[in-house]
Undergrad: 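The structure's right below; bear with me while I get my questions together.
Just so you know, ligand 1 is whichever comes first in the structure, and atom 1 is the first atom listed for that ligand. Owing to the predicted nature of the structure, the values given are computational and were not obtained by experimental measurement. By convention here, the first residue in the shown sequence is residue 1.
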Amino acid sequence: MNDALALPVGTTLDRFIQRKQEDFPFATGELSQLLRDIVLAAKIVARDISRFDQDTVGHMNTENVQGEQQQKLDVIANIRFIRALRNGGEVCTIVSEEEEELIHTGNQHAKYIVAMDPVDGSSNIDVNIPVGTIFAIYRRLSEANGDGTLEDCLQQGTRQVAAGYILYGASTMLVYSTGNGVNGFTYETSLGEFFLSHPDIKTPKMGKQYSCNEANVSSFPLGVQNYLAFCKSEKYSSRYIGSLVADFHRNLVKGGIYFYPGSTKNPGGKLRLLYECNPLAFLAEQAGGQATDGVERILDKQPTALHERCPLVIGSADMVEKVKKYMTL
Ligand code: P6P
């Protein structure tokens with residue numbers, strides 16, 4: 001049962017985290033502290049984004065491990081989250097989209113691993129389009145007496161203990177789950193606090209909008225092309241911001257489907273399994289939705305590399321199921 005039902009809208013995030021911890025008699029407070037560390041970094045990144053000045057806007061003339069041009073904000077946010085997690089003491093090792101190798105924090109007795117995309121869609125910052133941070137939290141498998149291992153970081157999505165995102169939009173929102181439902185919190189900048197604004201989010205089983213980059217349609221798998229034609233025949237609306245967290249959040253709340261399938265340019269899809277597909281799939285399922293690679297459940301996939309890509313179909317359960325039918329005709 002989602003205990004957000006016991007807490008009214010307007011409850012502070014800190015009170016909510018505390019209550020969640022109290023509901024677990026054996027909770028020792030480390031996960032609560034980890035969430036607070038993420039929130040601290042999120043508040044700082046939200047301030048950086050709102051400044052919109054020469055320190056945060058534009059690119060670095062560098063490339064990340066993905067060969068993508070790094071935006072200044074990518075680098076700044078990566079530093080902010082790594083620093084908050086290192087100083088918080090609850091995380092031993094971090095996987096970041098901005099780092100080729102594992103980041104060991106030195107907290108060798110810490111029991112948690114974090115996989116994160118510090119700012120997804122950062123190229124949208126310059127034109128004031130919402131962007132987001134995505135994070136997944138795992139309990140390490142190895143003994144808590146050293147750095148986290150590669151095996152600790154390549155766990156299936158079903159083993160996430162928590163996942164969430166921060167959406168830096170018209171307002172800044174934190175949406176997360178620890179496996180007992182999904183709750184959304186809106187940031188009140190004047191108070192420096194997140195407040196419960198969207199308790200117990202449930203995504204509608206059916207929606208009337210789809211999100212994909214139709215420029216790639218000719219290279220989509222035939223089943224996806226046929227599903228897209230179905231959407232048009234049903235007169236669904238196309239809604240595609242080109243910023244995953246913003247598209248995902250709209251579909252989560254209103255119902256809809258986002259898909260970034262494999263294509264000739266990106267046969268394995270564009271999105272990353274560890275720190276984009278898995279955390280959003282965890283949230284989608286916690287809210288009653290679904291997430292697949294077109295056919296297979298995302299959370300069941302066994303990762304084999306830190307930055308591996310994966311096709312993604314995610315959102316309202318009936319819509320994701322429909323894609324599966326077209327893919328297996
Ligand atoms: P395309 C941003 O780079 C991102 O990772 C997601 O946020 C977004 O949904 C997708 O890529 C956009 O990709 O190929 O449509 O520009």
Side-chain angles (χ1 to χ4, degrees), residues 45 49 57-60 62-75 77-78 95-99 115-136 163-169 172-173 175 209-221 224-225 228 231 237-253 256-281 283-284 289 291-294 298 306-315 319-320 323:
V45 171
I49 290 173
V57 172
H59 54 79
M60 300 283 289
T62 55
E63 286 188 348
N64 64 12
V65 59
Q66 332 292 343
E68 295 160 349
Q69 189 170 57
Q70 277 187 307
Q71 302 295 314
K72 288 179 184 173
L73 192 69
D74 287 321
V75 175
N78 188 49
V95 182
S96 170
E97 177 173 58
E98 300 306 324
E99 303 283 349
M116 66 176 185
D117 185 352
V119 176
D120 177 82
S122 55
S123 57
N124 291 299
I125 280 287
D126 299 25
V127 290
N128 208 12
I129 287 174
V131 295
T133 296
I134 310 170
F135 63 89
Y165 57 82
I166 297 97
L167 176 58
Y168 310 98
T172 293
M173 275 196 74
V175 176
Q209 49 193 8
Y210 65 90
S211 310
C212 73
N213 184 341
E214 296 197 46
N216 303 328
V217 66
S218 60
S219 63
F220 284 173
V224 176
Q225 293 187 36
L228 191 52
C231 291
S237 297
S238 170
R239 291 285 182 275
Y240 190 64
I241 301 172
S243 186
L244 173 59
V245 174
D247 279 316
F248 176 81
H249 181 73
R250 183 202 52 246
N251 293 343
L252 180 78
V253 174
I257 189 168
Y258 171 103
F259 44 98
Y260 205 108
S263 63
T264 37
K265 183 180 160 197
N266 292 310
K270 175 181 183 182
L271 302 173
R272 312 292 169 170
L273 179 56
L274 261 64
Y275 40 77
E276 291 169 337
C277 300
N278 266 339
L280 295 184
L283 292 169
T292 69
D293 62 4
I298 290 288
L306 295 180
H307 302 289
E308 74 180 71
R309 300 174 191 267
C310 174
L312 180 65
V313 178
I314 191 167
M319 301 177 88
V320 175
V323 174

Undergrad: Are the side chain of Arg250 and the backbone of Arg239 linked by a donor-acceptor contact shorter than 3.5 Å?
TA: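 Side chain of Arg250 to backbone of Arg239: a pair is present.
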Undergrad: Do you know the tightest heavy-atom contact between Val131 and Gly121?
TA: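 Nearest heavy atoms, Val131 then Gly121: CG1-O, 3.1 Å.
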Undergrad: If you measure only the distance, is there a donor-acceptor pair under 3.5 Å linking the side chains of Ser96 and Asn78?
TA: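 Yes - a donor-acceptor pair under 3.5 Å links their side chains.
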Undergrad: Does Glu99 offer a backbone N or O that forms a donor-acceptor pair with the side chain of His307 under 3.5 Å?
TA: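 At least one qualifying donor-acceptor pair exists.
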Undergrad: Using modelled atom types and a 3.5 Å cut-off, is there a donor and acceptor pairing between side-chain atoms of Asp74 and backbone atoms of Pro118?
TA: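 No; zero donor-acceptor contacts below 3.5 Å.
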Undergrad: Who are the residue neighbours of ligand 1 when the rule is a heavy atom under 4.0 Å from any of its atoms?
TA: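 For ligand 1, the contacting residues are Asp120, Gly121, Asn213, Tyr240, Gly242, Ser243, Leu244, Tyr258, Tyr260, Lys270, Leu271.
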Undergrad: Among residues two or more places apart or on two chains, list those pairs meeting salt bridge (charged side-chain N to carboxylate O under 4.0 Å, His left out) that have a residue in residues 209-221.
TA: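 As it turns out, the salt bridge (charged side-chain N to carboxylate O under 4.0 Å, His left out) pairs with a partner in residues 209-221, which skip direct neighbours, are Glu214-Lys232.
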